[in-house]
Amino acid sequence: MGVSIDEARPALTAFLAGAVTAAHAEITDAVALPGGTLHENWRLTVEFDGGTMPGRQVLVLRTNRPVSLEISLSRRQEFLVMKAARDVGVSVPEPLWAADADGPLGREFFVMRWLSGAAAPEEVIPRVANAGIGVRLAERLGAELGALQRIRPDGGVLPFLAPPTADRAQTLIAQTRAYLDTLPAPHPAIEWGLRWLERHKPPPDDTVLVHGDFRTGNYLADADGLVAILDWELA
C-alpha cells in the first residue's frame with residue numbers, strides 16, 4: 001500500500017513543487033485529520049517559492065487506507081467527480097492535483113484546498129443549533145443536491161461510473177437483498193424495509209449523478225452554514 005507521508009516527504013515535496021512550477025517547496029506541517037474509515041486525509045502546510053501558488057498554502061491530501069469497498073471509486077476517479085461537481089456550481093473543496101500509484105506515495109492520492117469548518121456530527125449539530133441556522137443549512141443542502149443533478153451520464157461524462165439502469169431504485173433493492181443473502185445472520189428489519197421500499201419506490205426517471213453518501217458527517221459547516229460537500233468516493 002505504498003509508503004507513509006513521512007517516508008514520502010521528499011518525493012511528495014518535489015511533486016507539489018512541480019505541480020505549481022515553484023522553484024522550491026517545503027512541507028512545514030503534516031497533520032492526520034480525524035475520521036475517514038476508508039481513506040487517510042492529511043492537512044499539509046506548504047511554503048512555495050514562486051510558481052502559480054506562491055507563499056504559504058494549506059492543502060488536504062486524500063489517499064487510500066489498506067481497507068476499501070468494492071463499490072468505492074479510486075482517488076483519481078473521486079478527484080474527477082469533484083471537478084465535475086465544482087464545474088456545475090456544487091460547493092466542494094477545490095480539487096488541485098492527482099497522482100497514480102506510480103507517484104510519490106506508491107498509491108493513488110489527490111490534493112485539494114483546505115477549508116475550515118466542522119464535519120463530525122457531534123460538532124456540526126450543536127453548532128447549527130446554537131447559531132440558529134438549521135433551516136438555512138437545510139435549504140443549502142437541498143440546493144447542492146439540485147445543482148448536482150445537472151450532471152447527466154451522456155456525452156462521455158465520467159465514463160468510469162456505473163452505467164444507468166432502467167429502474168435504478170429496483171436495482172439498488174435487488175443489490176441490497178443479494179448482499180444480505182451472503183450474511184450468516186438474518187436481518188428481518190432490513191428485509192421488511194426493503195419490501196416497503198419496493199412497494200413504494202418512485203417510477204423510473206432521468207438518471208443523474210448522486211453523491212452516494214450525502215449525510216451529516218460528509219459536509220463541512222461553520223457558524224454561517226454550509227462550507228462544502230466532502231467524501232465523494234461512493235458517487
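Atom set for the values below is all heavy atoms of this structure, side chains included, hydrogens, waters and symmetry mates excluded.
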Do you know the tightest heavy-atom contact between [X] and [Y]?
X	Y	answer
Ala8	Pro104	CB-O, 3.4 Å
Ala235	Leu161	O-CD2, 3.6 Å
Leu158	Leu80	CD2-O, 3.8 Å
Gly225	Leu137	C-CD1, 4.1 Å
Pro126	Pro121	CD-O, 3.9 Å

Which ILVMFWY residues are connected to [X], directly or by a chain of links, through side-chain heavy atoms under 4.5 Å apart?
X	value
Val31	none
Leu172	none
Leu220	Leu115, Val227, Leu230

Residues 182-192 side chain polar contacts: donor-acceptor under 3.5 Å, at least two apart:
from, atom 1, to, atom 2, distance (Å)
Thr182, OG1, Tyr179, O, 2.5
His187, ND1, Ala185, O, 3.0

Test side chain to side chain contact (heavy atoms under 4.5 Å, CB included) on Ile229 and Phe214; report intermediate values, then the result.
CA-CA 8 Å; Ile229 310 297; Phe214 198 86; 3.8 Å; yes
Are any non-hydrogen side-chain atoms of Thr171 and Arg168 less than 4.5 angstrom apart?
yes
Within the 4.5 Å heavy-atom criterion, are Arg113 and Leu96 side-chain neighbours or not?
yes
Pairwise salt bridge (charged side-chain N to carboxylate O under 4.0 Å, His left out) hits with a residue in residues 10-31, at least two apart
none
Among Arg107, Arg75, Glu108, which residue satisfies the side-chain hydrogen bond (donor to acceptor under 3.5 Å, both in side chains) criterion with Asn64?
Arg75
Do the side chain of [X] and the main chain of [Y] share a donor and acceptor less than 3.5 angstrom apart?
X	Y	result
Asn218	Asp213	yes
Asp222	Asp224	yes
Glu78	Trp232	yes

So with a 6.0 Å cut-off around CZ of Arg215, is the heavy-atom count from everything else above 12?
yes
Rounded to the nearest 0.5 Å, what separates atom CG in Leu16 from atom CZ in Arg9?
11.0 Å
Straight-line distance of Thr13 OG1 to Ile27 CD1, nearest 0.5 Å:
3.5 Å
Considering residues at least two apart in sequence or located in another chain, which fulfil the side chain to side chain contact (heavy atoms under 4.5 Å, CB included) criterion with Ala169?
Asp167, Lys201
Using the test ring-ring contact (aromatic ring centres under 6.0 Å, His included), find all partners of Phe48 that sit at least two apart in sequence or belong to another chain.
none
Residues passing the ring-ring contact (aromatic ring centres under 6.0 Å, His included) test with Phe79, sequence neighbours excluded, are Phe110
Does anything in residues 42-53 pair up under side-chain hydrogen bond (donor to acceptor under 3.5 Å, both in side chains), and if so which pairs, sequence neighbours excluded?
Glu40-Trp42
Under the side-chain hydrogen bond (donor to acceptor under 3.5 Å, both in side chains) definition, can you give me all pairs with a residue in residues 120-133, not counting sequence neighbours?
none
Compute whether any side-chain donor of one residue and acceptor of the other, for Asn41 and Arg62, lie under 3.5 angstrom apart.
yes
Exercise: do Glu144 and Ser91 side chains pair donor with acceptor under 3.5 Å
yes
Suppose we screen for salt bridge (Lys or Arg N to Asp or Glu O under 4.0 Å). Which residues come up paired with Asp206, at least two apart in sequence or across chains?
Arg152
For Glu198, check side chain to side chain donor-acceptor pair (under 3.5 Å) against everything at least two apart and list the hits.
Gln170, Arg177, Arg195
